Structure formats: structure tokens, C-alpha cells
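This report concerns only the one structure given below.
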Amino acid sequence: MSDRTSETARLSRPSGDHIPSLQSLRGIASMIVLLRHYIICFPVGGSIGLAYEDIFLNSHAAVVVFFVLSGFVLSPSFFSRAISLSELLGFYVRRFFRIVPLLAVVTALSLLYVKSTLSTWKVPFTSPWFDGLLPHDVPLSASILAKCFVGMNSALVPQNWTIACELLVALILPFLVKACTKRLWPALLTFIVAAVLSFLAADGGGKTLPLLYTVDFVVGILTFRILQSYASRYSDLFFYVMVIGLVCTRVILEVVTGRADLSFHDPLCSLIEAVFSAFIIYGLATQNHMSRLLSARWLVWIGDISFGIYLVHFLVIVVTARLMSSFLLPYALPVQMVLMLVPVLAISLGASYFSYRFVEIPFNDLGKKLQRHVRTALSRG
């Protein structure tokens, strides 16, 4: 969710340099998350509508795509490079500056919002789920606030659990890459261990989520390895089957198991979605028909600003709803949803583009410079 796909400069022999379709995939996933959260805040459909939402706006599958993509695009950092102290510290520095600066900006804005009187305004046409988002004057100790700014607490940015997964898994990702890029048996063992740990961590609460989702990153690394070894295309029909499998996994598992209350963090669902995501990423990386369609400039642009979309959309939704509630009261709920969706999308895209230009790019460039300095300094030492 937070890497530029252009970091895969050497990853695909078929494409050579940059894979725009993977950047577009990231953008599509971020928009799915935004739209799903928007609909949860302002529900209008019944059980049938919810089933369609679970398929076409499968936000969990979108997050799994983020994780698998992260493993995939970060693999080149250590695929053919030895692990050394300078390489590790440089990687950690760059990863920090790629994720944390924009997170800190969104966290600060969320803090201003929950401390303002605007967060006390009532919105009568929302769900209880909306009422729990960024509540007014939420209790924040100094330690909790510090954790919020580095993605380790979700009080001010509800989706911070995914940021925690990205940052904490990054600490061991270089070692996962090396384990998966040598001989076959260490790669298989790494996958098996990560999969088993995901099931063991399933009931551990929020603190064990990075352990639960580590296997998704491993799947991304293995996808990169397979691409480097084979890089052969499969049929477009198979690609579309993989897409259907990805978005339908949760619904199918609920039907098969007879459980309508399947946990959002169900490890089996996550693992299956990761495998489908891997096939999709591999197909796009080998320049299939959909890859050409997803290389449209406007889709790649959404991918470029996708991290901002992902981080800022909750704040945009709650602020827009409170500012527009009095104007929308005379209308029926479906009309209210449509009228409010337009500014939510416009503000989210505009704010994300602004943050991409003036926060993400500068700090990403700074991270690259610091990475080079760290490598040079430690190499000389």
C-alpha cells in the first residue's frame, strides 16, 4: 500500500523497468477500501446488498493485495544483494521515510479534528460504525499518541493496523527474501512456517496481526522468485478466474463453513486471498491483456496517490458528513449517499495528490539520500 511499483526496476524481465499495471492495481485496491468504508458508514441495502458489497467491495482482499504487493516489490532490495549492516539500516531508513511522514501528517490532522467542536456535530443518517470513528476528545495518553504517529495505535487512524503490519514485517523482510530466494526447500519451509504462525496468531488480537499477515508478504516474495525463474504468461481466462476467486473467497468460505460471521482476520481466508493475489500480480507482471488495460495513465495516477487515499479517507468521510448533514437531511438516504460521495471522492483524491507531491515525494527522496549515506558511512567504517 505504500511502495511505488517503480521500485521494481529490475524485477521483470518481460517489462524491463516499470510495471504501471501494478501501480494501478494498488490504486484500485485503495478505492475499494474507500468505497467499502463509505458504504459501511451509510448503509442503505439489505442482506442481498451486503453480499454484493462483500464481493465487489471486498476491502479485506484489497488489503491482502497491498501486503502481497509489498512483498513482491520489496524483494529486489535483497534478491541478489547480500545482507549486511549497511544494507539493513539503509533499507529500514528508506522504509521509515516512505511510510511514516504522511502517516504523521494524517495523524496530526485527525488529532485536530477530534479535539475540535466539529467532531461533536451529530449526523442522524449514519451507522453505529460511523459513530465510533474518530470520536470527540478520544482519550490519548502521551504513549498512545506517540504510537499513533508511528502506526502502532489506531485511535487516530483506524487503518493503522495495516501500517503496523507493513513496518514490523519490514524488520524481518530482508531475511525472508534471502530465505525464499535460495534453494527450493528453504523457500517452502519459510512459507509453511509463516502459514502455520498465521493460524496460531488468529486469536491473539491486534498485537498478533503482523504475525498473522506475514505469510502474505512471503507469498509476494515467492511470486517475485517465480517471475525471475520462469516469467511465462498464462491465459487471460485464467487471470479472470483468479480475480473472481480473490473477490469471492470470503463469501465462498462463509457458504462452505456455514459461518455468516467469518472473522475479518480469518487466517484461511487471508491465505487463500494471498494466493489469488499472487496469480494476479504475476499475470500483470508478465504483461497480459489486462496489464495493458490497467496501464492507462489515469489509473496509474490513482496508484501513485493510493497511499494518501488509503490514509486520509476516514478523516474525509467524517468531516464531510458533519459539514453536509444539515443540507442533506431533506433527502432520502440513497440520495444523501450519492450527494455526499462526490465531495468525499473529490477531497480524497485532491488531498492525496497534494500530499503525494509535497509530502510523499520529498520524504521518499530524503529516505533514498539517507539510505545512500548510511551505506557509504558504514561501508567506510
Side-chain angles (χ1 to χ4, degrees), residues 1-8 18 20 22-31 33-34 37 62-63 66 69-70 73-74 77 90-116 134 145-168 170 297-320 343-374:
M1 126 213 53
S2 53
D3 324 286
R4 287 297 312 276
T5 310
S6 56
E7 290 179 14
T8 60
H18 178 62
L22 291 185
Q23 194 71 353
S24 298
L25 178 63
R26 194 187 303 280
I28 292 170
S30 69
M31 292 301 294
V33 172
L34 183 157
H37 287 160
V63 169
F66 288 144
L69 263 175
S70 288
V73 302
L74 291 174
S77 300
F91 173 77
Y92 296 151
V93 166
R94 184 172 176 182
R95 198 77 182 126
F96 179 88
F97 279 93
R98 180 66 188 91
I99 295 176
V100 173
L102 181 56
L103 172 63
V105 171
V106 175
T107 301
L109 293 174
S110 298
L111 178 62
L112 291 176
Y113 166 77
V114 299
K115 295 297 183 181
S116 71
L134 302 177
L145 187 59
K147 291 178 181 178
C148 287
F149 274 94
V150 292
M152 299 299 144
N153 187 283
S154 298
L156 294 175
V157 182
Q159 59 274 44
N160 259 359
W161 69 269
T162 62
I163 303 301
C165 290
E166 290 276 0
L167 289 172
L168 294 177
R297 184 173 298 180
W298 66 276
L299 280 174
V300 177
W301 177 78
I302 293 177
D304 288 340
I305 65 172
S306 60
F307 189 40
I309 295 172
Y310 183 76
L311 283 182
V312 79
H313 72 272
F314 270 130
L315 182 60
V316 173
I317 288 173
V318 295
V319 170
T320 304
V344 165
L345 289 176
I347 295 171
S348 296
L349 292 173
S352 299
Y353 175 71
F354 182 87
S355 64
Y356 173 70
R357 287 289 305 275
F358 299 104
V359 179
E360 289 187 70
I361 290 179
F363 278 99
N364 197 31
D365 290 342
L366 176 61
K368 293 177 183 178
K369 292 179 181 178
L370 292 175
Q371 182 185 39
R372 290 194 293 268
H373 287 315
V374 168

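Here, residue 1 is the first one in the sequence, and each next residue gets the next number. Here the structure is a predicted model, which means the values were calculated and not measured.
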Do His313 and Val344 touch side chain to side chain, with heavy atoms closer than 4.5 Å?
no
To the nearest 0.5 Å, how far apart are CZ in Arg26 and CG in Leu69?
5.0 Å
Expected output: side-chain Ser306 to main-chain Gly303 donor-acceptor under 3.5 Å
yes
Is it the case that over 12 heavy atoms from other parts of the model lie below 6.0 angstrom from the CZ atom of Phe97?
yes
Looking at Leu74, is its backbone amide N or carbonyl O close enough to the side chain of Ser77 to form a donor-acceptor pair, meaning the two atoms are under 3.5 Å apart?
yes
Is the shortest heavy-atom distance from the side chain of Ser348 to the side chain of Leu34 under 4.5 Å?
yes
Within the side chain of Asn160, is there an N or O that forms a donor-acceptor pair under 3.5 Å with the backbone of Asn153?
yes
For Tyr92 together with Phe96, are the ring centres under 6.0 Å from each other?
no
Rounded to the nearest 0.5 Å, what separation is found between the CD atom of Gln371 and the CG atom of Leu366?
11.5 Å
Does the side chain of Ile361 come within less than 4.5 Å of Tyr356's, by heavy atoms?
yes
Indicate the atoms forming the closest heavy-atom contact of Cys148 with Thr107, along with that distance.
O-OG1, 3.5 Å
After noting the C-alpha distance and the side-chain angles of Leu102 and Phe307, does the key distance pass the side-chain contact (heavy atoms from CB on, under 4.5 Å) rule?
CA-CA 9 Å; Leu102 181 56; Phe307 189 40; 3.8 Å; yes
Closest contact, heavy atoms only, Phe91 versus Ala170
CE2-O, 3.4 Å
Could you give the distance from CD1 (Ile28) to CD (Gln23), rounded to the nearest 0.5 Å?
11.5 Å
Hey, are the side chains of Leu167 and Val100 touching, using non-hydrogen atoms and a 4.5 Å cut-off?
yes
Could you tell me if the side chain of Val157 sits less than 4.5 Å from the side chain of Leu134, heavy atoms only?
no
The criterion is side-chain contact (heavy atoms from CB on, under 4.5 Å); which residues satisfy it with Tyr353, sequence neighbours excluded?
Trp301, Ile305, Arg357
Please enumerate all residues that pass ring-ring contact (aromatic ring centres under 6.0 Å, His included) together with Phe149, with sequence neighbours excluded.
none
Do Pro101 and Glu360 come within less than 4.5 Å of each other through their side chains, counting heavy atoms only?
no
Residue pair Ser24 / Arg297, side-chain heavy-atom distance below 4.5 Å
no
Which distance, rounded to the nearest 0.5 Å, do you find between the CD1 of Ile163 and the CD1 of Ile99?
6.0 Å
For Ala164 versus Gly151, what's the shortest heavy-atom pair and its separation?
CB-O, 3.4 Å
To the nearest 0.5 Å, tell me how far Leu315 CG sits from Tyr113 OH.
7.5 Å
Taking Gln159 for its side chain and Leu311 for its backbone only, find out whether a donor-acceptor pair lies under 3.5 Å.
yes
Residues which pass side-chain contact (heavy atoms from CB on, under 4.5 Å) with Ile302, listed by chain and number, not counting sequence neighbours:
Met31, Trp298, Ile309
Just verifying a value: how many Å separate Phe314 CZ and Ser110 OG, rounded to the nearest 0.5 Å?
10.5 Å
Give a yes or no on this: more than 12 heavy atoms of other residues, nucleotides or ligands lie within 6.0 Å of atom NZ of Lys369.
no
Is a donor from one side chain sitting under 3.5 angstrom from an acceptor on the other, for Ser352 and Tyr310?
no
Contact between Asn364 and Lys368 at the side-chain level, heavy atoms closer than 4.5 Å - yes or no?
yes
